[in-house]
Structure formats: structure tokens, C-alpha cells
Amino acid sequence: MAPTPQPGMSWRRWAHLIIDRGAGDDLSVRLVHGGLVLLIIVNVAALVLESVPSLAAAHGRLFFAIELVSVVIFTLEYGLRLWTAPEHARYRGLSDNAARRAYALSAPAIVDFLATVPLYTALLGYNDLKILLLFRLLRFFKLGRYSPGMTSLAAALTAERKALFACLVILIGVMLLAATAMHFAEHDVQPEKFATIPDAMWWAIITLTTVGYGDVFPTSPLGKVVASITAIMGLVMLALPVGIIATAFAQEIHRREFVVTWSMIARVPLFSGLNAAEIAEIMRVLRAQSVRGGAVILRPEEPAQALYFVASGEVEIMREEASETLEEGCHFGELPLDSKAGRGGLAARAKVPSKLLVLDPIDFRALTSRYPDLAAHLHRLAP
């Protein structure tokens, strides 16, 4: 755990790496994010248990203490994220104040802000407002920040919103048809339950969603036929959005991994002339490597025998003339196209815990031996 920033790193930059998990899997990052996730879970559990009158009466002070500590921590987190917003890659082209305004108007920041509202309104005497329960429940959605899977799912839902809206329109149409058919089939047999189409719509929606409470059901032969067809249509209506979301979710994960890695490889001058299919073949032989903060990746006396891509974190490159810091998406090292050793004189170390993608010469030569056209293309592109 690193209690202070690395030499040459500002406190704001260090805080950004910790709070936004830019420092990889460092112990301090795991403690901060693990503690926040645990606090969110405790908050949601306390909100649910507090709704039980006996528990609220017996443990009211405990629930208030949890609320007080949580709001203080969430307020500090919100203030810290607002302070470090200029360090975020998305806002780096903006001034400090503009970056903070842009972050404050983003969806995650709004959730963070609303999560701090309940206690402050209670201190002002508005504790009886039921809407405050919803604000407290919003803390559950803060978990989305700590789960890449939930972020990908949200992106998948956004990408397929038109198809999902079409499913909703179809569901409403099928519900209306089923309710109308059931009204004509059962309104004489059960006038108290199917007297009108709106009355039959309740039966139609619970049947289409396969809930089937059993409080309303047909008794005539024609009504049972309509109910059978409606039940089958309900299975189809459930399968449509599930299939759309599952496919979009898988594509979103694959697309994100492919685009990020593809963009890093395409920046290498040696690979800049390759097409997408050729770059995809190179991606298959990349090896993931995690390094601790301060760990040496390359020594100046050692020849550079691999090409490294910075997937996350920061790597300091030290040359004889100067040094520079490489962030996510950059690359360093050398990939000899023949059996000769690469040039030395380059030193590299991880400034913070980082994740690298490594292209080893052995794997690369095996790839080019399988694809002679790719090897010939690379030799033509080589300086």
C-alpha cells in the first residue's frame, strides 16, 4: 500500500489513480474500492431492515449511526471525485472548472450527489419525506461504478434501446389482442371479471408475463383456447428481449476488448499499414502481464526483446537524453523481425501498479511462420 504519491506525482493525480482505479490492483486501491462496495451493501441492508418496525425500534441508533457515517464518507468521495475530475482522461482538454462542471453533470456524479441528500434534509427537519427512501436506495446503483460488467450491460441496453422499445410495443399490441379476444369469449360467462376490455387487460398482462396469479381465469372452452395461445405468446415475448440483451451484452464485451487492444496495436509504426484482420491475428498472441508499482520492466543493459502495450497504469521510460511517462494505450520496447537481439539502452519501470500486454518475439515468429503473407508485409513496412 502506497500512503503517499510517487516522487514527481501531484497529490491530485495520486488521488485520481486511487479513486478511479487507475493504479491497477494496488493494495490501497483494493482497500478503498472494497470498503466503498461494502459500505454500499451495508447501506442497502440497513434500509431494508429499518423498514421492519420492531428492528427500527430496537436498533434505531445503529441505523442512524450507519446513515451518518455513510453520508460523511459518500460526501468525501463525491468531493474527492469532483476535485480530481481534471485528471480524468475524458476531461483533460478542459480547464479545471469546466472539467468539474462536466463531471458534476454526468450520471454517476448525479447518483453520488443524491446519495448524500437524505441526511442533510433530515438535519433540516424533512426526515418524514418518503422520497428520501428512494434517494437512499440510489446508493445501490453506485455499485455500477465498481463493476465493469454492469457498465457493459448499461452500454448494451443503450445500444439496443430501439429493439427493446419495439419489443415493448409488440407486447402492448399482443396484450390488447389477447384482452379483446378474452373479453368477447368470457364477458357473458364471467361479467364481473371480463366485463370490459380494460378488465381483461389485467388477465392478459399477467398471463403474457407468465406470472399467472390465478385470481382471474377463463372457464369457457373458447376462453381456454385464447388463454393457451396467450400463454405461448408470453414465452415468445419473454424470449425476445432476453435474446436481444444477451447478444448485445456479449458483443459489447468483445467490442470493448477488441477496440481498446486494436487501437494500441495500430499505433505502432510497424503495424500501422496492416488491415483489421492482420491486427486481429497479432492480438491472439498477446500475453497479459501485471507489474507492481516501482517494479523494473526493462533494464538499460538488457536488449529490448518484446513489445509492451500499457493496458492500465503508468510506465516511466528512461533514456539517456530524457525520460517520459507512458499512460494507457501507449507502447514501448522493440520487436526484432529476425533472430538478432534488439537494441539496449532503454529502461522502463512501472510508476504505479500496471497491466501490460506483451508481444513476445517467439510467439510473433510462430505467427508469421503460419502466415507468410503477414511476414512479407511486415518486412516491407519495417524501417
Side-chain angles (χ1 to χ4, degrees), residues 1-5 9-23 26-51 55-56 59-92 94-148 150-151 154:
M1 179 175 179
T4 57
M9 183 187 300
S10 67
W11 281 97
R12 192 176 72 178
R13 178 63 178 167
W14 175 76
H16 165 72
L17 293 174
I18 295 297
I19 200 69
D20 275 337
R21 214 180 183 91
D26 187 48
L27 178 60
S28 58
V29 177
R30 293 199 299 269
L31 289 176
V32 169
H33 286 250
L36 289 172
V37 170
L38 179 61
L39 185 61
I40 294 170
I41 295 173
V42 169
N43 264 261
V44 175
L47 174 62
V48 173
L49 295 177
E50 195 177 359
S51 65
L55 293 178
H59 306 286
R61 291 186 178 180
L62 175 61
F63 290 136
F64 179 77
I66 292 174
E67 177 70 8
L68 180 61
V69 172
S70 300
V71 171
V72 170
I73 294 177
F74 288 148
T75 302
L76 291 174
E77 179 200 7
Y78 178 77
L80 190 61
R81 291 185 183 278
L82 199 62
W83 177 54
T84 60
E87 298 291 340
H88 199 289
R90 185 183 303 174
Y91 309 123
R92 287 213 184 138
L94 305 175
S95 65
D96 288 0
N97 291 333
R100 293 186 177 109
R101 282 196 302 269
Y103 170 74
L105 295 175
S106 65
I110 293 174
V111 172
D112 288 342
F113 175 76
L114 293 178
T116 66
V117 168
L119 180 63
Y120 298 122
T121 53
L123 294 176
L124 295 175
Y126 299 99
N127 195 33
D128 293 333
L129 294 178
K130 299 300 182 183
I131 192 65
L132 297 180
L133 291 176
L134 296 178
F135 286 166
R136 290 177 63 186
L137 193 58
L138 280 176
R139 295 169 189 171
F140 175 79
F141 296 100
K142 289 168 65 69
L143 289 174
R145 174 182 280 119
Y146 309 103
S147 173
M150 292 181 67
T151 304

> Using 30° and 60° as the class boundaries, would you call the ring planes of Trp11 and Trp14 parallel, tilted or perpendicular?
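Taking Trp14 first and then Trp11, their aromatic rings stand perpendicular (interplane angle over 60°).
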> Taking CZ in Phe113 as the centre, count heavy atoms belonging to other residues, nucleotides or ligands within less than 6.0 Å. Is the count above 12?
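Check fails, neighbour count at 12 or below.
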> Could you give all pairs that pass the salt bridge (Lys or Arg N to Asp or Glu O under 4.0 Å) test and reach residues 70-80, with sequence neighbours left out?
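Of all non-adjacent pairs touching residues 70-80, those that pass salt bridge (Lys or Arg N to Asp or Glu O under 4.0 Å) are Glu77-Arg81, Glu77-Lys142, Glu77-Arg145.
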> Which residues satisfy the side chain to side chain donor-acceptor pair (under 3.5 Å) test with Glu87, sequence neighbours excluded?
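Glu87 satisfies side chain to side chain donor-acceptor pair (under 3.5 Å) with Arg12 only.
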> Would you be so kind as to tabulate the donor-acceptor pairs closer than 3.5 Å made by side chains of residues 99-107, with sequence neighbours excluded?
| residue | atom | partner | partner atom | Å |
| --- | --- | --- | --- | --- |
| Arg100 | NE | Leu82 | O | 3.1 |
| Arg100 | NH2 | Trp83 | O | 3.1 |
| Tyr103 | OH | Asp112 | OD2 | 3.4 |
| Ser106 | OG | Tyr103 | O | 2.6 |

> Kindly write out the residues that satisfy side chain to side chain contact (heavy atoms under 4.5 Å, CB included) with Ile73, not counting sequence neighbours, or none if the list is empty.
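With neighbours one apart ignored, the set is Leu36, Leu39, Val69.
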> Roughly how far, to the nearest 0.5 Å, is the CG atom of Leu114 from the OH atom of Tyr78?
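Taking OH in Tyr78 and CG in Leu114, the distance rounds to 9.0 Å.
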> Which word best sums up how the rings of His16 and His88 line up, parallel for under 30°, tilted for 30 to 60°, or perpendicular for over 60°?
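Ring orientation, 0 to 90° scale: perpendicular.
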> What is the distance from atom CD1 of Ile18 to atom CG of Leu31, rounded to the nearest 0.5 Å?
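Ile18 atom CD1 to Leu31 atom CG measures 9.5 Å (nearest 0.5 Å).
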> Can you sort out the partners of Val48 under side chain to side chain contact (heavy atoms under 4.5 Å, CB included), two or more places apart, ordered by chain and number?
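With neighbours one apart ignored, the set is empty.
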> For Leu49, give me all partners under side chain to side chain contact (heavy atoms under 4.5 Å, CB included), at least two apart in sequence or on another chain.
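With neighbours one apart ignored, the set is Leu55, Phe63.
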